Number of protein chains: 2
Amino acid sequence: MTKAPRNGPYICGIDAALDVVSGKWKGLVLWELHTHGIRRFAELRRALPGVSEKMLTQHLRQMEEDGLVHRTVFAEVPPRVEYSLTESGAALNEALLPLGEWGRDRIRRRGLDVVTDPDTAGAAAP
Amino acid sequence: MTKAPRNGPYICGIDAALDVVSGKWKGLVLWELHTHGIRRFAELRRALPGVSEKMLTQHLRQMEEDGLVHRTVFAEVPPRVEYSLTESGAALNEALLPLGEWGRDRIRRRGLDVVTDPDTAGAAAP
DNA sequence: TGCGGTACTTACCTTTTGGTGAGTGAGGAG
DNA sequence: CTCCTCACTCACCAAAAGGTAAGTACCGCA
């Protein structure tokens, strides 16, 4: 049987929200799509340092199922697939902003490591 | 050697924040401590439907290490241990509020299941 | 005398998650 | 002619997360 779409039962809203963003790269995908609007598969892959193709497709499919991203396939050669945020995905991103700020604060206070790669540099990080 | 405290390297603040709240019950523990101020171990266990003792202690220890909760042990018989939020933990909770609202919205819109237990009923859920 | 409550720890097991490396099929660059 | 790019899929494996059941030491209650 195929994996059912995540559907609880949940204990509260945070529970439901965390279910949808938990996954090693989902937060980053959300942020990348937020800052760039539309991204192709390979662009996302390059933007996420260390992601495997399998995980990226897996996460993108789940996020599509969860109504967070649009997936548009162009019947071209070479193939082209574009991803962008749905309204719900954009709202989720908004809701994640305070969390990102808390995280940056925490990194500052505790002197934690941050990976800096050329793509991320220059853009305001969440 | 013991598990090192979570310390990145992180790609952004959301990354760091999600690292700290990811864990099946952490969001709920945070919320429970937020709404009640101080809770004992057994109270938390009863408040989280289905949590095992092992997971609860494990999560509480990690959260203590991460500076989210205070742990006060009373050298009494029977043993008494009280948990409460640190300043950082309280700030994290604040940062989670918009996320909780997004989650509740999602539950409403998609008609997802919610577990309702007597303890949670009556309090405003996150 | 035996049970339940207190806050755990430990050993063992299953489930979930993530990573690796290969294959696909057509076009464009060298 | 060969390699690279595109956007995947598939089979297999390793690690992490989580669950189960038992044991600990002491008390109050019946």
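Sequence lines set the chain letters: A, B, ... in the order given, protein chains first and strands last, and positions in each chain run from 1. What you see is a predicted model; the values in this text were computed from it and never measured.
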So, Arg80(A) and Glu82(A), do they make that salt bridge, N to O below 4.0 Å?
-> yes

Determine whether any donor atom in the side chain of Lys24(A) lies under 3.5 Å from an acceptor atom in the base of dG18(C), or the reverse, and answer yes or no.
-> no

Does CD in Glu87(B) sit with more than 12 non-hydrogen atoms of other residues, nucleotides or ligands closer than 6.0 Å?
-> no

Should the pair Arg71(A) and Tyr83(A) be classed as cation-pi, given the thresholds of under 6.0 Å to the six-membered ring centre and 45° from the axis?
-> no

Counting side-chain heavy atoms from CB outward, which of dC6(D), dT6(C), dT20(D) is closest to Ser52(B)?
-> dT20(D)

Under 4.0 Å between a side-chain N/O of Arg40(B) and OP1 or OP2 of dC8(C), yes or no?
-> no

Rounded off to whole Å, could you give me the CZ-to-C1' distance for the Arg45(B) and dC8(C) pair?
-> 10 Å

Between NE2 of His59(B) and P of dC8(C) the distance, given in whole Å, is 15 Å

Looking only at side-chain atoms of Lys54(A), point me to the closest of dT6(C), dG18(C), dC8(D).
-> dG18(C)

Could you check how far CD of Gln58(B) sits from P of dG18(D), rounded to whole Å?
-> 8 Å

Criterion side-chain contact (heavy atoms from CB on, under 4.5 Å) against Trp102(A), the qualifying member of Asn93(B), Ile14(B), Leu92(B) | Leu92(B)

Is there a side-chain polar atom (N or O) of Arg46(B) under 4.0 Å from OP1 or OP2 of dA7(C)?
-> no

Could you please name the option among dT6(C), dA7(D), dC8(C) that lies closest to any side-chain atom of Arg71(A)?
-> dA7(D)

Give a yes/no on whether any side-chain N or O of Arg61(A) is located under 4.0 angstrom from OP1 or OP2 of dT9(D).
-> yes

Whole Å only: how far is the CD atom of Gln62(A) from the P atom of dC8(D)?
-> 15 Å

Measure from CE on Met55(A) to P on dA11(D) and round the result to the nearest Å.
-> 18 Å

d(CD, Glu76(B); P, dC8(C)) in whole Å = 13 Å

Identify whether any heavy atom of Phe74(B) sits under 4.0 Å from a base atom; if not, whether one sits that close to sugar-phosphate; answer base, sugar-phosphate or nothing.
-> nothing

Do you know the tightest heavy-atom contact between Gly67(A) and Thr86(A)?
-> O-OG1, 2.6 Å

Whole-Å gap separating P (dC8(C)) and CZ (Arg80(B)) = 13 Å

Take atom CD of Glu53(B) and atom P of dG5(C), then tell me their distance rounded to the nearest Å.
-> 12 Å

Choose from dG19(D), dG19(C), dA7(D) the nucleotide whose nearest atom is closest to any side-chain atom of Trp25(A).
-> dG19(C)

